[in-house]
Amino acid sequence: MRAAVVGAGVVGAGWAARFLLNGWDVAVHDPAPGAERALARTLDNARRSLPALYDRPLPPEGRLAFHGDIAGAVADAGWVQESAPERLEAKRAVLRRIEAHAPEGAVVASSTSGFRPSDLAAGAARPGRVLVAHPFNPVYLIPLVEVVAPAGAPPEAAERAARLLSGIGMKPLVLRREIDAHIADRLMEAAWREALWLVRDGVATTAEIDDAIRHGFGLRWAQMGLFETFRIAGGEAGMRHFLAQFGPALRWPWSRLTDTPELDGALADRIAAQSDEQSGHMTIRELERARDDNLVAILRALKRRGAGAGAVVAAHEAARGPGRAAGPDRDQASA
């Protein structure tokens with residue numbers, strides 16, 4: 001199979017790595033200066049961490065090629081992933097050029113975190129062809145990808161995309177209908193908005209908020225999600241009891257979820273300073289490596305239990321057949 005990635009920023013580069021390390025040939029187009037160098041750094045991270053998830057070898061790596069134009073990149077592609085900057089008109093322009101040159105049967109998908117596919121495809125010759133395949137960084141490790149088809153698109157379009165994505169070890173979540181920002185980003189945005197207020201009002205620092213997540217509910221969410229976690233909180237009576245006991249608290253004025261603080265100079269300076277104090281002793285490369293090592297360790301632990309995203313890794317590994325990994329068997333990537 002051959003994939004084309006148009007836009008090789010953080011997300012696009014992650015897509016290229018995910019496809020490439022699962023045996024697909026990948027063609028990349030990105031006119032930004034330094035794009036090839038940035039992609040090489042992402043590939044270094046992916047080659048170091050993705051094989052560490054598995055006890056069986058990944059397929060032979062596909063071939064990578066850079067192209068100076070979109071037409072050359074998308075020629076003969078079975079999957080085209082648009083990962084241009086999150087500006088509607090820019091994405092529309094790129095998608096129109098993709099549509100003009102991509103093979104008839106190719107999947108055309110956008111990495112957009114917020115736009116609906118029908119908005120992206122406005123003015124396209126075949127608007128029903130454009131899907132959303134919204135991943136999460138790092139794309140080469142985190143399996144979730146939200147698949148959204150435009151209203152009126154045949155069901156088989158999203159189903160085919162989901163099958164292909166499952167084949168490269170991802171967990172497709174096919175949305176029932178279009179909605180701005182899909183599912184996961186709406187949930188993250190709610191937590192982000194509340195966190196901004198906590199910093200603005202001097203209740204907590206960025207490090208304290210991150211501690212609340214990683215030492216608390218983040219551990220539960222990683223393997224059970226939200227509703228299953230709360231079902232346990234309801235005891236033997238389950239979710240109905242939980243709703244009766246804690247539901248009224250939702251009407252209490254605890255949260256400011258419908259209001260957003262102004263990210264003015266003072267608040268932006270405070271957040272940046274606290275973030276520097278929290279993580280400024282590490283380079284971005286060091287943070288990426290720490291993130292990837294931690295994700296590998298968590299995913300391998302979940303894989304052994306067949307829980308959460310670890311079940312996706314286990315299923316992907318089983319589908320590739322027997323065999324041991326060529327590298328060392330390890331619970332996390334080596335430094």
Problem set entry | Heavy-atom donor-acceptor pair, Asn294 side chain to Ala290 backbone, under 3.5 Å | yes
Problem set entry | Linked, directly or transitively: Val174 and Val132 (ILVMFWY side chains, under 4.5 Å) | yes
Exercise. Are side-chain heavy atoms of Glu262 and Arg200 found at a separation under 4.5 Å?
Worked result: no
Problem set entry | Polar contact flag, side-chain donor to acceptor under 3.5 angstrom, Arg193-Thr260 | yes
For this session: Decide salt bridge (Lys or Arg N to Asp or Glu O under 4.0 Å) for Lys303 and Glu317; before the verdict, give the C-alpha distance in whole Å, the side-chain angles of both, and the deciding distance to 0.1 Å.
Result: CA-CA 10 Å; Lys303 184 178 82 167; Glu317 181 173 83; 3.3 Å; yes
Exercise. For residues 167-190, which residue pairs qualify under ring-ring contact (aromatic ring centres under 6.0 Å, His included), counting only residues two or more places apart or in two chains?
Worked result: His134-His182
Problem set entry | Donor + acceptor pair across side chains of Thr205, Gln274 (<3.5 Å) | no
Exercise. What pairs with Asp180 under salt bridge (charged side-chain N to carboxylate O under 4.0 Å, His left out), at least two apart in sequence or on another chain?
Worked result: Arg116
For this session: Determine yes or no for a side-chain-to-main-chain donor-acceptor pair under 3.5 angstrom, with Asp30 supplying the side chain and Gly7 the backbone.
Result: no
For this session: List the atom of Ala106, the atom of Val80, and the distance in Å for their closest heavy-atom pair.
Result: CB-CG2, 4.5 Å
Exercise. Is the side chain of Asp201 donor-acceptor paired with the backbone N or O of Val203 at a distance under 3.5 Å, no angle test?
Worked result: no
Problem set entry | Gap separating the CZ atom of Arg289 from the CG atom of Leu287, nearest 0.5 angstrom | 12.0 Å
Problem set entry | Nearest-0.5 Å distance, CG of residue Asp119 to OG1 of residue Thr112 | 9.5 Å
Exercise. Can you check whether Arg63's main-chain N or O pairs, donor with acceptor, with Asp25's side chain at less than 3.5 Å?
Worked result: yes
Problem set entry | NZ/NE/NH1/NH2 to OD/OE distance under 4.0 Å, Asp293 and Arg48 | yes
Exercise. Do Leu141 and Ser49 come within less than 4.5 Å of each other through their side chains, counting heavy atoms only?
Worked result: yes
Exercise. Can you name the nearest heavy-atom pair linking Met170 to Pro135, along with the distance?
Worked result: CE-CB, 4.4 Å
Problem set entry | Atom CD of Glu286 with >12 non-hydrogen neighbours under 6.0 angstrom | yes
For this session: State whether the side chain of Thr229 and the backbone N or O of Gly225 hold a donor-acceptor pair below 3.5 Å, judged by distance alone.
Result: yes
Problem set entry | Minimum heavy-atom distance between Asn45 and Arg285, given as atom pair plus value | OD1-NE, 3.2 Å
Exercise. Stepwise, does the side chain to side chain donor-acceptor pair (under 3.5 Å) test hold for Ser111 with Glu82?
Worked result: CA-CA 6 Å; Ser111 298; Glu82 171 271 311; over 6 Å; no
For this session: State, with a plain yes or no, whether a side-chain heavy atom of Ile98 is found less than 4.5 Å away from one of Val130.
Result: no
For this session: Using modelled atom types only, decide if a donor and an acceptor are shared between the side chain of Lys91 and the backbone of Ala84 within a distance under 3.5 Å.
Result: yes
Problem set entry | Pairwise side-chain contact, Leu175 with Val147, heavy-atom cut-off 4.5 Å (strictly under) | no
Problem set entry | Minimum heavy-atom distance between Val139 and Gly14, given as atom pair plus value | CB-C, 3.6 Å
Exercise. Which heavy atom in Val145 sits nearest to a heavy atom in Ala133, and how many Å separate them?
Worked result: CG2-C, 3.8 Å
For this session: Please check if atom CZ in Arg270 has more than 12 non-hydrogen atoms from other residues, nucleotides or ligands closer than 6.0 Å.
Result: yes
Exercise. Is it true that Asp55 and Arg300 make a salt bridge, defined as a side-chain N closer than 4.0 Å to a carboxylate O?
Worked result: yes
Exercise. Around Arg305, counting heavy atoms of other residues, nucleotides and ligands shown, do more than 12 lie under 6.0 Å from its CZ?
Worked result: no
Exercise. Any ion pair linking Glu288 and Arg41 (charged N to carboxylate O, less than 4.0 Å)?
Worked result: yes
Exercise. Would you say the side-chain atoms of Asn22 and His316 include a donor-acceptor pair closer than 3.5 Å?
Worked result: yes
Exercise. So if you build clusters from Ile, Leu, Val, Met, Phe, Trp, Tyr with side-chain heavy-atom gaps below 4.5 Å, do Phe115 and Met188 land together?
Worked result: yes
Problem set entry | Single hit among Ile168, Asp292, Leu53, Leu21 for side-chain contact (heavy atoms from CB on, under 4.5 Å) with Tyr140 | Asp292
Exercise. Does the side chain of Leu173 come within less than 4.5 Å of Leu144's, by heavy atoms?
Worked result: yes
Exercise. Between Glu194 and Trp192, do the side chains contain an N or O donor and an N or O acceptor separated by less than 3.5 Å?
Worked result: no
Exercise. Rounded to the nearest 0.5 Å, how far apart are CH2 of Trp24 and CZ of Arg2?
Worked result: 11.5 Å
Exercise. Any side-chain heavy atom of Leu198 within less than 4.5 Å of one from Ile209?
Worked result: yes
Exercise. Looking at Arg92 and Glu89, does any basic side-chain N land under 4.0 Å from a carboxylate oxygen?
Worked result: yes
Exercise. Would a 4.5 Å heavy-atom cut-off, applied to side chains only, mark Leu131 and Pro150 as touching?
Worked result: yes
For this session: Group every Ile, Leu, Val, Met, Phe, Trp and Tyr by side-chain heavy-atom contacts under 4.5 Å, then state whether Val10 and Ile284 land in the same group.
Result: no
For this session: May I ask whether Ile179 and Leu88 are part of the same hydrophobic cluster, defined by side-chain heavy atoms of I, L, V, M, F, W, Y residues being less than 4.5 angstrom apart, directly or through others?
Result: yes
Exercise. How many angstroms lie between CD in Glu189 and OG in Ser113, if you round to the nearest 0.5 Å?
Worked result: 9.5 Å
For this session: Write down the atom of Ala73, the atom of Ala27, and the distance for their closest heavy-atom approach.
Result: O-CB, 3.3 Å
For this session: Give, for atom CD of Glu208 and atom CD1 of Ile213, the distance between the pair rounded to the nearest 0.5 Å.
Result: 12.5 Å
Problem set entry | Full working for side-chain contact (heavy atoms from CB on, under 4.5 Å) between Met239 and Phe227 | CA-CA 8 Å; Met239 180 60 79; Phe227 282 95; 3.9 Å; yes
For this session: Determine the interplanar angle of the Trp15 and Phe19 rings, folded into 0 to 90°, and report it as parallel if under 30°, tilted if 30 to 60°, perpendicular if over 60°.
Result: parallel
Exercise. From Ile70 CD1 over to His29 NE2, what is the distance, rounded to the nearest 0.5 angstrom?
Worked result: 4.5 Å
Exercise. Distance-only, no hydrogens or angles: does the Gln81 side chain make a donor-acceptor pair with backbone N or O of Gly12 under 3.5 Å?
Worked result: no
Exercise. Do the charged groups of Arg47 and Glu61 touch, with an N to O distance under 4.0 Å?
Worked result: yes
Problem set entry | Heavy-atom side-chain contact between Asp69 and Pro31 under 4.5 Å | no
Exercise. Can a salt bridge be assigned to the pair Glu104 and Arg126 using a cut-off of 4.0 Å between side-chain N and carboxylate O?
Worked result: yes
For this session: Could you check Phe136 against Asp185 for side-chain contact (heavy atoms from CB on, under 4.5 Å), going step by step and ending with a plain yes or no?
Result: CA-CA 10 Å; Phe136 294 83; Asp185 269 4; 3.8 Å; yes
For this session: Keeping the roles fixed (side chain from Asp264, backbone from Leu267), state whether a donor-acceptor pair exists under 3.5 Å.
Result: yes
Problem set entry | Cluster overlap Ile183 with Leu226, hydrophobic side-chain contacts below 4.5 Å | no
Problem set entry | Among Phe217, Trp221, Phe242, the one residue meeting ring-ring contact (aromatic ring centres under 6.0 Å, His included) with Phe230 | Phe242
Exercise. Is a donor on one side and an acceptor on the other found under 3.5 Å between the side chain of Arg129 and the backbone of Val107?
Worked result: no
